[in-house]
Amino acid sequence: ETSKRYEEAIEISKFILKLYPNEDNSTVYVVYGNSLDHSNKKDLALLAFKKAIAYEPKSAMVYVGIGDFYLKYGKPKQASHSYELALQIQRDYFPANERLKTFNN
């Protein structure tokens with residue numbers, strides 16, 4: 001059931017990206033990346049996250065998303081850097097602050 005929902009999220013994300021190719025789709029790419037990751041498509045997920053961070057204006061949420069991805073795959077330096085970038089965009093962004101606390105404990 002859960003894997004079916006991720007596959008549905010992948011299809012919906014692809015549909016939205018096709019329907020609105022010239023919009024700021026950073027959030028859609030985060031959903032797409034998370035869904036690909038949960039569907040064991042790690043390489044495609046990383047590409048989706050990289051597309052998400054390419055958008056302007058930058059989004060703290062996007063950097064937390066890719067940071068979580070890096071952390072999951074044992075890349076704490078990249079994760080920490082992504083969380084720090086999130087805080088440069090939005091200094092009081094709670095999820096980034098909370099995740100960085102785990103590096104300082």
Starting from Phe49, can I reach Leu85 by hopping between I/L/V/M/F/W/Y residues whose side chains sit under 4.5 Å apart? yes
Report yes or no: does Lys51 contribute a side-chain atom to a donor-acceptor pair with the main-chain N or O of Tyr29 at less than 3.5 Å? no
Nearest heavy atoms of Asp24 and Glu56, plus distance in Å: OD2-O, 4.3 Å
Distance check, rounded to the nearest 0.5 Å: Glu23 atom CD versus Leu17 atom CG? 11.0 Å
Once you round to the nearest 0.5 Å, how far does CD1 of Ile10 lie from CZ of Arg5? 14.5 Å
With rounding to the nearest 0.5 angstrom, report the OH to CZ distance, Tyr93 to Arg99. 7.5 Å
Within the 3.5 Å criterion, strictly below it, is a donor on Asn40 or Tyr6 matched to an acceptor on the partner's side chain? no
Go through the steps for Asp37 and Lys42 under the test salt bridge (charged side-chain N to carboxylate O under 4.0 Å, His left out), then give the verdict. CA-CA 5 Å; Asp37 183 32; Lys42 177 182 168 186; over 6 Å; no
Distance-minimising heavy-atom pair for Val28 and Ser13: CG1-O, 3.8 Å
Between Glu7 and Lys41, does any side-chain N to carboxylate O distance fall below 4.0 Å? yes
Distance check, rounded to the nearest 0.5 Å: Tyr70 atom OH versus Ser80 atom OG? 13.0 Å
Looking at side-chain heavy atoms only, is the closest gap between Tyr73 and Leu46 below 4.5 Å? no
Enclosure of His81 NE2 (heavy-atom neighbours >12, cutoff 6.0 Å): no
Distance from Ile66 atom CD1 to Asn34 atom CG, nearest 0.5 Å? 10.5 Å
Non-hydrogen side-chain atoms of Val31 and Ser35 separated by less than 4.5 Å: yes
To check you understand the geometry: which heavy-atom pair defines the closest contact between Leu71 and Pro76, and what is its length? CD1-CA, 4.3 Å
Shortest non-hydrogen contact between Ile53 and Lys58, atoms and distance: O-NZ, 2.5 Å
Testing the 3.5 Å rule here: is there a donor-acceptor pair between the side chains of Asn25 and Tyr32? no
More than 12 non-hydrogen atoms from neighbouring residues, nucleotides or ligands closer than 6.0 Å to NZ on Lys72, yes or no? yes
Could you give the distance from CE (Met61) to OG (Ser26), rounded to the nearest 0.5 Å? 5.5 Å
How close do Ala96 and Ala86 get, counting heavy atoms only, and between which atoms? CB-CB, 3.9 Å
